[in-house]
Amino acid sequence: MKKWSLLALTSALLLGCGSNDAEDAIVETVGLNIDSLSSQQKQNYAQISTDINTLVLYIAGQCFTAEQAKNPDMDITGFTCNIADHKNAASQVPFSSISLTSGELDINRTSVDTFKIQTKENVKFHAASISDGTLNYRLVDDNSITFTEDETTEVQTVTFRGFFRDDKTIDVTYWTAESLNTTPFNYNEDTNNLHSWLANGTAKITGKDDKTFNWKTTANGEVELPLTE
C-alpha cells in the first residue's frame, strides 16, 4: 500500500510538470496491462479511445459554430469551450456509451482549414464498458487532436495523441492512444446530425512496459482489431 501511495504521489507531481515524457514514464510503469486483456477488452478500450476523440471533435465544432454566431465578422483564431455546455454529445457515437462530466477545451485555428484541439482542463467522463470509475482525457503539450478540412474535396482528416487516466476503484491505470500517421482518420457525421464517427484510420494504445496494440476503424467507425497481434 505504501509503495502504491508513493507511486501515485510521484505520478501526480509528474503530471503537474506538463511533460509528455513524464506521462510516458507513468504509462510504462503503472500503465494498462495489455498482456492481460482479452480480445473483447482490447476492442472496448480501442472503441472508447476512438470515440472520446470523436466527441471532443464534435463539441469543438459546436463551439466554433457558436463563436461564429456571436462574432460573424471576426476571424476566429482561438477560443475556449466548456464541455458542460454540450453534454448531449454522448449520443453522437454509435458504438460506445459515454457519459461526459466536465472539462474545458482550447481550440486554435492554426490555418484557414486546420484546427488544433487541446485541453485546458481534463475531459472527465464515464464509460462502463472499461471502468467503474471516472476516466480523464488529457491533451496538453505534444498531445492534441488536429482537424483539417480539404475545401476542394470536403474530406475532414483527423490525427490525435492523448493521455488517459482511469480512476477505477482498484489500481488507477494509464494509457496513451495515438493515430498512426500512415492512415489518419476521416471525420464523418450523418445527414441528420445524430452520429459522428472516425472512419478508415489506424491507431495504437500504449500501456505498461511499453506494450502496444493497434486497431483500425471501418467506414462507419467501428473498431476492428488486426487478425494477428
Side-chain angles (χ1 to χ4, degrees), residues 20 23 27 32 42-64 81 83 86-108 110 114-127 129-131 135-149 155-166 174-190 195-206 212-225:
N20 294 133
E23 291 175 354
V27 169
L32 184 66
K42 289 180 179 180
Q43 177 92 14
N44 293 342
Y45 273 96
Q47 193 72 64
I48 293 296
S49 298
T50 303
D51 289 345
I52 192 64
N53 283 286
T54 308
L55 294 183
V56 169
L57 279 165
Y58 173 77
I59 290 170
Q62 295 294 300
C63 288
F64 181 71
C81 179
I83 294 286
H86 301 277
K87 287 186 178 180
N88 63 337
S91 64
Q92 286 292 126
V93 288
F95 297 110
S96 297
S97 178
I98 298 175
S99 175
L100 294 170
T101 305
S102 64
E104 287 190 355
L105 307 177
D106 270 333
I107 304 167
N108 288 285
T110 57
T114 303
F115 293 84
K116 185 176 183 179
I117 304 165
Q118 296 185 292
T119 50
K120 186 183 291 289
E121 295 178 357
N122 289 357
V123 175
K124 294 182 181 294
F125 64 102
H126 294 279
S129 64
I130 63 173
S131 177
L135 292 146
N136 294 263
Y137 190 42
R138 175 181 167 95
L139 298 161
V140 297
D141 298 322
D142 293 333
N143 293 334
S144 64
I145 301 172
T146 300
F147 174 88
T148 303
E149 181 170 19
V155 172
Q156 299 172 327
T157 304
V158 175
T159 60
F160 58 82
R161 185 187 191 278
F163 176 70
F164 287 86
R165 185 180 78 232
D166 179 359
Y174 307 81
W175 70 93
T176 56
E178 60 187 303
S179 56
L180 302 183
N181 292 332
T182 51
T183 46
F185 293 84
N186 293 330
Y187 178 79
N188 294 311
E189 291 183 7
D190 66 18
H195 293 301
S196 305
W197 64 95
L198 296 182
N200 301 322
T202 57
K204 71 175 181 179
I205 280 177
T206 302
T212 66
F213 71 91
N214 296 0
W215 73 89
K216 63 180 180 179
T217 56
T218 63
N220 65 353
E222 186 172 12
V223 160
E224 289 186 345
L225 297 175

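Just so it is clear, the structure is predicted and the values come from calculations on it, not from any experiment.
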For the residue pair Asn188 and Ala219, what are the closest heavy atoms and their distance?
-> ND2-O, 4.3 Å
Verify, without hydrogens or angle tests, whether Gln43 (side chain) and Val223 (backbone) share a donor-acceptor contact under 3.5 angstrom.
-> yes
With a 4.5 Å limit on heavy-atom distance, are the side chains of Ile205 and Ser49 in contact?
-> yes
List the steps and the verdict of side-chain contact (heavy atoms from CB on, under 4.5 Å) for Ser179 and Val158.
-> CA-CA 8 Å; Ser179 56; Val158 175; over 6 Å; no
Work out which heavy atom in Glu23 is nearest to a heavy atom in Val140; give both atom names and the distance.
-> OE2-CG2, 4.0 Å
Under the side chain to side chain contact (heavy atoms under 4.5 Å, CB included) rule, collect the residues that match up with Thr110, sequence neighbours excluded.
-> Thr114, Lys116
Could you check Ile52 against Val93 for side-chain contact (heavy atoms from CB on, under 4.5 Å), going step by step and ending with a plain yes or no?
-> CA-CA 9 Å; Ile52 192 64; Val93 288; over 6 Å; no
Show your working on side-chain contact (heavy atoms from CB on, under 4.5 Å) between Leu198 and Tyr187 and close with a plain yes or no.
-> CA-CA 5 Å; Leu198 296 182; Tyr187 178 79; 3.9 Å; yes
Measuring from Asn20:CG to Thr176:OG1, what's the distance to the nearest 0.5 Å?
-> 9.5 Å
Rounding to 0.5 Å, atoms CZ (Arg161) and CD (Glu178) come to a distance of 5.0 Å
Apply salt bridge (charged side-chain N to carboxylate O under 4.0 Å, His left out) to Glu189 and list each qualifying residue two or more places apart in sequence or on a separate chain.
-> none
Those residues that, when tested against Asp166, pass salt bridge (charged side-chain N to carboxylate O under 4.0 Å, His left out) (two or more places apart) | none
Kindly write out the residues that satisfy salt bridge (charged side-chain N to carboxylate O under 4.0 Å, His left out) with Lys120, not counting sequence neighbours, or none if the list is empty.
-> Asp106
Phe95: what forms a ring-ring contact (aromatic ring centres under 6.0 Å, His included) with it, not counting sequence neighbours?
-> none
How close do Trp215 and Lys204 get, heavy atom to heavy atom, and via which atoms?
-> CZ3-C, 3.4 Å
So which heavy atom on Cys63 is nearest to which on Ile107, and how close?
-> CB-CD1, 4.4 Å
Would you name the heavy atoms of Leu135 and Trp175 that are closest together and state the gap between them?
-> CD2-CH2, 3.6 Å
Straight-line distance of Arg165 CZ to Asn122 CG, nearest 0.5 Å = 6.0 Å
Sorted by chain and residue number, the side chain to side chain contact (heavy atoms under 4.5 Å, CB included) partners of Asp190 (sequence neighbours excluded) come out as Asn192, Leu194, His195, Trp197
For the atom pair CG (Asn136) and CZ (Phe164), what is the distance rounded to the nearest 0.5 Å?
-> 10.0 Å
Check whether the ring centres of Phe115 and Phe64 lie less than 6.0 Å apart, and answer yes or no.
-> yes
Would you check, one step at a time, whether the test side-chain contact (heavy atoms from CB on, under 4.5 Å) holds for Ile117 with Val56?
-> CA-CA 8 Å; Ile117 304 165; Val56 169; 3.8 Å; yes
Given Ser96 and Gln47, is the side-chain hydrogen bond (donor to acceptor under 3.5 Å, both in side chains) satisfied, shown in steps?
-> CA-CA 7 Å; Ser96 297; Gln47 193 72 64; 4.7 Å; no
Nearest heavy-atom neighbours spanning Ser102 and Ile83 | C-CB, 3.8 Å
Main-chain N/O of Leu139 paired with Thr119 side-chain donor or acceptor, under 3.5 Å | yes
Under 3.5 Å: donor-acceptor pair, side chain of Thr217, backbone of Gly201 | yes
Residue set satisfying ring-ring contact (aromatic ring centres under 6.0 Å, His included) with Phe185, at least two apart, ordered chain then number -> Phe160
Any residue meeting ring-ring contact (aromatic ring centres under 6.0 Å, His included) with Tyr58, in chain and number order, not counting sequence neighbours = none
Can you measure from CG (Asn186) to OG1 (Thr157) and round to the nearest 0.5 angstrom?
-> 5.5 Å
Quick one: CD1 on Ile59 to SG on Cys81, what's the gap to the nearest 0.5 Å?
-> 6.5 Å
So the salt bridge (Lys or Arg N to Asp or Glu O under 4.0 Å) pairs with at least one residue in residues 43-64 (sequence neighbours excluded) are none
Residues forming a side chain to side chain contact (heavy atoms under 4.5 Å, CB included) with Thr101, sequence neighbours excluded = Lys124, His126
Excluding sequence neighbours, so at least two apart, what forms salt bridge (charged side-chain N to carboxylate O under 4.0 Å, His left out) with Lys216?
-> Glu224
Under the side-chain hydrogen bond (donor to acceptor under 3.5 Å, both in side chains) test, which residues partner Thr202, sequence neighbours left out?
-> Thr183
